[in-house]
Colleague: 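Sharing a structure here in structure tokens format.
Hydrogens, waters and symmetry mates are skipped; everything else that's a heavy atom, side chains included, is used. For ligands, and for the atoms within them, numbers begin at 1 and follow the listed sequence.
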Amino acid sequence: MEAQPLIYNLDIPGLTDLLRAWDEPAYRAKQIWQGLYQHFYNSADEFTSLPKSLREKLASNLTFGGMTPASKLSSSDRHTIKTLFRLHDGNVIEAVLMRYDNRNTLCISSQAGCAMGCVFCATGQMGFNRNLASGEIVAQVMHYARLLNEEGERLTNVVLMGMGEPFHNYDNTLAAIDRLNDPDGFNFGARRFTISTVGLVPAIRRFADEERQVNLAVSLHAADDTTRLNMMPVDKKYPIADLIDACRYYVQKTGRRITFEWALINGVNDTPETARKLASLLKGLLCHVNAIPLNPTTGYSGVATDRGRAQIFKETLENAGIPCTIRMRRGIDIAAGCGQLAGSSISPAAKN
Ligand code: SAH
Ligand code: SF4
């Protein structure tokens, strides 16, 4: 059976059209919008300011909340919470909340699976199932916004670094961001979103032309095409030179700093020579490098760089003028690290 559409799929004009079709006054759209995005209502019953007849129409035509949390895991330090959501068609996606240093950063998915096939990534290893609807992207954010709201807290950042390639689902991803950005609704500032891409060159150029305030991160991971192609099939279509050209175009168009992501893999991409090659590739580009020791996945034999080598990599880059941060691996005990958000981690629900 086809599920009723998610209410989070609708923008204000869509909601207004629906109300018109039901012979309801257009001003109800704003009431519903505020209920959803400012009061975090999760079912039609909660809209007590609406007439009962309208609540019934909403309940019988639309899905609220939208996704069933299939399981929830907390890391041993309890700062990382991972939720698996079961979608109406049985697909499972994940979102992870990281609570550190007064920040509540949520990592969300843009697709069920991923078509890009990066060999070191658990999502890449499972393959592509389908794009998420914009409302399914919105619903992940609202799920956590609601939980935090109950504790008097808020989300501070949302990163598209869960399952999937956001630029392979460009329209729905950006529609979700626009919906959450609406000042009359959830009002989550564009600058608090980060899109991470594998490096789809035409999409990076399109994104640059849209001159949005949303942050951009690019998964580079290698400084030469031979190494990168071994890790990321996408490099065949969009080699490093074209990718860096598109990144330069982005910075020139937007004036915004770009982040390059780098999973440090022992002996593969973590030598001082590689750091120097990377520095010359990125020379003059407003950017910084976010390096993270590889998270282990079952389908890839690479090993994480140790702390000492990571530090040398960072220092070599910085001595050559490229800022670099080494990120700690967090939530690793619940497989909530980057690239681990995949079906293989589905396990019985833990009590939280
Ligand atoms: N598809 C997008 C966003 C999701 S992946 C992208 O590739 O950018 C988010 C980040 O996790 C990317 O930088 C990705 O390269 C990285 N990643 C994937 N698997 C990883 C692993 N096993 N260890 C460390 N980082 C990984
Ligand atoms: Fe897809 Fe990103 Fe994983 Fe590559 S790293 S397979 S693009 S999710």
Side-chain angles (χ1 to χ4, degrees), residues 93-96 98 105-132 137 140 157-170 172-173 177 193-201 203-204 207 214-222 227-238 243 246-247 258-266 268-270 287-305 310 313 325-332 335-345:
I93 57 158
E94 301 190 5
V96 177
M98 290 157 284
T105 301
L106 179 63
C107 175
I108 58 171
S109 297
S110 57
Q111 301 180 312
C114 183
M116 299 297 138
C118 305
V119 297
F120 52 86
C121 169
T123 313
Q125 290 158 18
M126 72 185 266
F128 179 67
N129 293 330
R130 69 165 171 90
N131 279 330
L132 297 191
I137 300 172
Q140 296 168 64
N157 300 83
V158 172
V159 299
L160 273 297
M161 294 187 187
M163 294 171 76
E165 165 51 38
F167 280 171
H168 190 216
N169 187 17
Y170 193 100
N172 291 345
T173 299
I177 290 176
F193 287 98
T194 299
I195 293 183
S196 173
T197 178
V198 72
L200 300 182
V201 165
I204 293 173
F207 188 67
V214 172
N215 300 301
L216 182 65
V218 172
S219 299
L220 190 55
H221 302 310
T227 309
R228 194 161 187 268
L229 196 50
N230 274 331
M231 301 163 70
M232 306 168 75
V234 73
D235 193 76
K236 195 168 172 60
K237 194 157 181 196
Y238 303 117
L243 175 56
C247 293
I258 203 163
T259 299
F260 289 101
E261 285 159 285
W262 197 276
L264 284 163
I265 309 169
N266 191 45
V268 173
N269 64 356
D270 66 346
C287 68
H288 82 288
V289 172
N290 229 335
I292 176 169
L294 179 80
N295 281 315
T297 57
T298 48
Y300 180 63
S301 59
V303 171
T305 299
F313 185 85
T325 330
I326 309 278
R327 278 191 293 153
M328 305 232 312
R329 298 189 284 168
R330 285 173 170 163
I332 202 147
C338 303
Q340 292 192 319
L341 308 186
S344 61
S345 55

Colleague: Taking only heavy atoms of L294 into account, list the atoms of ligand 1 that are under 4.0 Å away from them.
Modeller: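 Close to L294: 21 (C), 22 (N), 23 (N).
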Colleague: A side-chain contact here means heavy atoms from C-beta on lying under 4.5 Å apart; do D235 and L243 qualify?
Modeller: no
Colleague: Nearest non-hydrogen contact with atom 2 (Fe) of ligand 2 belongs to which option: S110, G113, G164, G162?
Modeller: G164
Colleague: Tell me which part of C114 gets within contact of ligand 2: side chain, backbone, both or neither, using heavy atoms under 4.0 Å.
Modeller: side chain
Colleague: Does an N or O anywhere in T297 fall below 3.5 Å from an N or O of ligand 1?
Modeller: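 N/O-N/O distance under 3.5 Å: no.
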Colleague: I'd like the name of whichever of F167, W262, F120 reaches closest to atom 17 (N) of ligand 1 through any heavy atom.
Modeller: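 That would be F120.
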Colleague: Please work out whether any backbone atom (N, CA, C, O) or any side-chain heavy atom from C-beta onward of V218 is under 4.0 Å from ligand 1, and answer side chain, backbone, both or neither.
Modeller: neither
Colleague: Is it the case that the side chain of N269 and the backbone of H221 share a donor-acceptor pair, with hydrogens and angles ignored and the cut-off at 3.5 Å?
Modeller: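 Flag set: sc N269 to bb H221 pair under 3.5 Å.
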Colleague: Tell me the contacting part of E165 for ligand 1: side chain, backbone, both, or neither, using a 4.0 Å heavy-atom threshold, strictly below.
Modeller: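 The answer is both.
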Colleague: Could an N or O of ligand 1 be found under 3.5 Å from any N or O of P293, whether backbone or side chain?
Modeller: no
Colleague: Heavy atom of L160 under 4.0 Å from ligand 1?
Modeller: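 Per 4.0 Å heavy-atom rule, L160 contacts ligand 1.
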Colleague: So if I count the atoms of ligand 1 from 1 in the order they appear, which ones are less than 4.0 Å from some heavy atom of A263?
Modeller: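 So the atoms of ligand 1 that pass are 24 (C), 25 (N).
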Colleague: Please could you name the atoms of ligand 2 that M116 approaches to less than 4.0 Å, counting only its heavy atoms?
Modeller: 1 (Fe), 7 (S)
Colleague: At the 4.0 Å heavy-atom cut-off, does G164 count as touching ligand 1?
Modeller: yes
Colleague: Which atoms of ligand 1 have any heavy atom of T197 under 4.0 Å away?
Modeller: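 Those of ligand 1 that fall under 4.0 Å from T197 are 6 (C), 8 (O).
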Colleague: Does V119 offer a backbone N or O that forms a donor-acceptor pair with the side chain of Q125 under 3.5 Å?
Modeller: yes
Colleague: Is the F128 ring parallel, tilted or perpendicular to the H168 ring (thresholds 30°, 60°)?
Modeller: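 Tilted, since the angle between the ring planes falls between 30° and 60°.
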Colleague: Looking at every non-hydrogen atom in both residues, tell me the closest pair between L200 and V234 and how far apart they are.
Modeller: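 Where L200 meets V234 most closely, the heavy atoms are CD2-CG2, 3.7 Å.
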Colleague: Are any N, O or S atoms from C121 nearer to atom 3 (Fe) of ligand 2 than 2.8 Å?
Modeller: yes
Colleague: Tell me, with the steps shown, if T194 and N157 meet side chain to side chain contact (heavy atoms under 4.5 Å, CB included).
Modeller: CA-CA 8 Å; T194 299; N157 300 83; over 6 Å; no
Colleague: Please find the pair of heavy atoms, one from L160 and one from S110, that lie closest to each other, and give the distance.
Modeller: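 Between these two residues, the closest heavy atoms are CD1-CB, 4.1 Å.
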Colleague: What atoms of ligand 2 come within less than 4.0 Å of a heavy atom belonging to V198?
Modeller: 7 (S)
Colleague: Checking the side chain of S109 only, and the main-chain atoms of Q111 only, is there a donor and an acceptor separated by less than 3.5 Å?
Modeller: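 Here the side-chain-to-backbone pair does not exist.
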Colleague: Where is the tightest heavy-atom contact between L294 and G302, given as atom of each residue plus distance?
Modeller: CD2-O, 3.4 Å
Colleague: Give the single entry among M163, M231, H221, M161 that approaches atom 14 (C) of ligand 1 most closely by any heavy atom.
Modeller: H221
Colleague: With no hydrogens and no angle check, is any side-chain donor or acceptor of N266 less than 3.5 Å from a backbone partner on A304?
Modeller: no
Colleague: Can you tell me if S219 contacts ligand 2 (heavy atom of the residue under 4.0 Å from the ligand)?
Modeller: no
Colleague: Assess G162 for proximity to ligand 1: is some non-hydrogen atom of it under 4.0 Å away?
Modeller: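 Checking ligand 1 against G162, which is what was asked, there is a heavy-atom contact under 4.0 Å.
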Colleague: With distance as the sole criterion, is a donor-acceptor pair present between the side chains of T197 and E165 under 3.5 Å?
Modeller: yes
Colleague: Any atoms of ligand 1 less than 4.0 Å from a non-hydrogen atom of E261? List them with their elements.
Modeller: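 By the 4.0 Å cutoff, the relevant atoms are 10 (C), 12 (C), 13 (O).
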Colleague: Going by the closest heavy atom to atom 7 (O) of ligand 1, which one wins out of C121, S219, G199, G302?
Modeller: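 Heavy atom nearest to atom 7 (O) of ligand 1 belongs to S219.
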Colleague: Could you give me the CA-CA distance, side-chain angles and deciding distance for T259 and N215, then say whether side chain to side chain contact (heavy atoms under 4.5 Å, CB included) is met?
Modeller: CA-CA 8 Å; T259 299; N215 300 301; over 6 Å; no
